[in-house]
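Following: one structure in structure tokens, then a few remarks.
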Amino acid sequence: MEFIDSHCHLDRFPDVASTIAQAKSSGCIAVITSGYTHEANEKCLEISSRFPNFAFPCIGIAPSVAMDLSPEQFQSAFDFIKSNASRCVAIGEIGLDFHWPTKKEQIDREYSSFAAQLDFALEKKLPLVIHSRKAEKEAVEFLLSRSAERVVLHFFSGTPEIARKAAEAGFLFTTPPVRSKTRERLLSEIPLNLLLTESDAPYVAKTPSDAAKAAELIAAAKGISIEDAIKYTAENAKAFFGLHL
Ligand SMILES: [Zn+2]
């Protein structure tokens, strides 16, 4: 069993070395550790240099963070991203989140920070890891309007119609280990070559090892064995993030 956790937050684990040792012993061969704040971005890079060829960093300012940053604060976090992007497998998680904002200015800041980071990633030909809570349609349309191609929609929970639109554009989807009717419907809609497994630990699942449980959901939805679901999603992740393991 050699699975990949395509979306995790290793910076949130107090003892990263033991989390990684436990993940490896469960068959996890790589983790994409995603930033969201400036501090998390720094930690993701530091963790990836301590655990090369296993923890791969992706850095970005998440919309729920960007919505409360002043232009100066955003710029300094963004400058850090720009100068460290060459060490990363993707830019993210970035996007739109309409769950938290209560003011229009916050939504405006989400859009402007998303646009800046998205354009930078396109210019550098880096893949994008997208957060789109309660803003799935807007995020997908924004990406399509900018002709983004190398996109993974993390924890996508939009409608099957938006999923189809994104899949037609070749966007990938990470599957969390969360069983629900919505997830089942989405999994039946999205082709296997666009699916990845994620834990989103410690926020959604407990550890990176839980990404393997997402393969069970994919196997059930696609009528294939868990082994095959693991094999195909790991191949998809290697190709998408350009991992040479
Ligand atoms: Zn996340």
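All values below come from the heavy atoms of this structure, side chains included, with hydrogens, waters and symmetry mates left out. Since the model is a prediction, treat every value here as computed from it, not as a measurement. Counting convention: from 1, in listed order, for ligands and their atoms alike. Along the sequence shown, the residues carry numbers beginning at 1.
- At a threshold of 4.0 Å, the pair E235-K238 does not count as salt-bridged, since none of the basic side-chain nitrogens sits closer than that to a carboxylate oxygen.
- Note on K165 versus E141: salt bridge recorded, some NZ/NE/NH1/NH2 to OD/OE distance being below 4.0 Å.
- Rounded to 10°, the angle formed at the Zn ion (ligand 1) by H9 NE2 and H7 NE2 is 100°.
- A salt bridge links R146 to D119: at least one charged side-chain nitrogen sits closer than 4.0 Å to a carboxylate oxygen.
- D200 contributes atom OD1 as its closest N/O/S atom to the Zn ion (ligand 1).
- F156 has its ring centre no less than 6.0 Å from the ring centre of F171.
- Of all the N, O or S atoms in E93, the one closest to the Zn ion (ligand 1) is OE2.
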